[in-house]
Amino acid sequence: MDRHLQLEKLIREHFAGQNDWAASAIHKISGRSVSRRTVQAWLLRPDRPSSRNCPDWAYDALLGAISDPDCWKPGPRHSSLEAYSDDPFTKADEFADKYSVMYAAGEIEQEKQLRQKWESANVAGLPQMLFEFQRSIEKKIDEQYRLIDALIAGIKGSTDYSSLRDLVDKQLRADEIIRHEIRLVRSDMENATGELSSDQENSSPDPSPTQ
């Protein structure tokens with residue numbers, strides 16, 4: 001079994017899956033400074049750019065902590081993780097403990113790929129790339145505006161949380177119906193199908209009614 005998988009198994013089974021708990025144990029046993037970010041880097045797959053090899057001294061220290069749990073104690077937050085699992089600040093702390101390195105590495109890699117995409121583009125292809133970029137930004141902004149409008153409508157028309165939730169849900173569903181209708185009409189217009197398939201200016205007028 002790869003070292004990062006062995007480490008993940010130890011932390012999951014003996015340290016409640018908490019990287020800062022494991023980092024504290026390694027520090028107490030080895031005397032070396034270890035952060036939860038370092039542990040996260042050790043746990044990443046070897047093919048990830050920010051992955052780091054877990055050194056033998058750290059792994060051995062973790063094994064030593066398992067065999068001698070009285071030499072250290074977990075932080076106070078671990079005793080109440082389950083009770084406050086829905087608390088936003090607890091979730092934020094859990095994210096920092098487990099995923100911050102992975103997400104940061106992912107952002108760096110995405111930005112690197114984006115930069116390479118733009119730098120390798122030829123002049124002839126730039127207009128299309130700029131158009132697609134602007135359209136994607138406009139769509140995201142439009143989505144945010146529609147969500148804000150739904151929240152405002154819900155706040156204005158609600159008296160409690162339940163009615164707020166229902167009003168926002170109705171507003172968003174109604175908005176999606178409108179957006180779906182626009183997509184259907186646009187498809188007919190762009191593909192010359194449905195009621196919009198003929199050129200109205202060149203079509204023959206309806207016959208005059210018989211006198």
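When a residue number appears, it is its place in the shown sequence, counting from 1.
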Who are the side chain to side chain donor-acceptor pair (under 3.5 Å) partners of Glu111, not counting sequence neighbours?
none

Show me the donor-acceptor pairs, under 3.5 Å and distance only, between side chains in residues 177-186 and residues at least two apart or in other chains.
| unit_1 | atom_1 | unit_2 | atom_2 | d |
| --- | --- | --- | --- | --- |
| Arg183 | NH2 | Glu176 | OE2 | 2.7 |
| Arg186 | NE | Glu190 | OE2 | 2.8 |
| Arg186 | NH2 | Glu190 | OE2 | 3.2 |

The complete set of salt bridge (Lys or Arg N to Asp or Glu O under 4.0 Å) pairs with one or both residues in residues 152-165, sequence neighbours excluded, reads none

Same cluster or not: are Val101 and Phe95 linked, directly or through other Ile, Leu, Val, Met, Phe, Trp or Tyr residues, by side-chain heavy atoms under 4.5 angstrom apart?
yes

Heavy atoms of Ser100 and Gln40 approach each other most closely as N-OE1, 3.0 Å

For the CG atom on Asp166, are there more than 12 heavy atoms of other groups (residues, nucleotides or ligands in this structure) within a distance under 6.0 Å?
yes

Once you round to the nearest 0.5 Å, how far does CG of Asn53 lie from CG of Leu7?
11.5 Å

Taking side chain to side chain donor-acceptor pair (under 3.5 Å) as the definition, give me every residue that meets it alongside Ser35, ordered by chain and number, with sequence neighbours left out.
Thr38

Residues 56-63, side-chain donor-acceptor partners within the protein, below 3.5 Å, at least two apart:
| unit_1 | atom_1 | unit_2 | atom_2 | d |
| --- | --- | --- | --- | --- |
| Asp56 | OD1 | Arg3 | NH1 | 3.4 |
| Asp56 | OD1 | Arg3 | NH2 | 3.4 |

Can you list every pair that meets salt bridge (Lys or Arg N to Asp or Glu O under 4.0 Å) and has a residue in residues 141-152, with sequence neighbours left out?
Asp142-Arg146, Arg146-Asp175

For Tyr99, all residues meeting ring-ring contact (aromatic ring centres under 6.0 Å, His included), sequence neighbours excluded:
none

By side chain to side chain contact (heavy atoms under 4.5 Å, CB included) - contacts of Arg115 (at least two apart)
Glu119

Can you run down the ring-ring contact (aromatic ring centres under 6.0 Å, His included) pairs that involve residues 128-163, sequence neighbours left out, and say none if there aren't any?
none

Whichever hydrophobic residues join Leu147 through chains of side-chain contacts under 4.5 Å
Leu151, Ile155, Leu164, Val168, Leu172

Partner residues of Glu138 under the salt bridge (charged side-chain N to carboxylate O under 4.0 Å, His left out) criterion, sequence neighbours left out
Arg135

Using the side chain to side chain donor-acceptor pair (under 3.5 Å) criterion, which residues pair with Ser187? Sequence neighbours excluded.
Asn191

Using 0.5 Å steps for rounding, measure from the NZ atom of Lys9 to the CD1 atom of Ile11.
12.5 Å

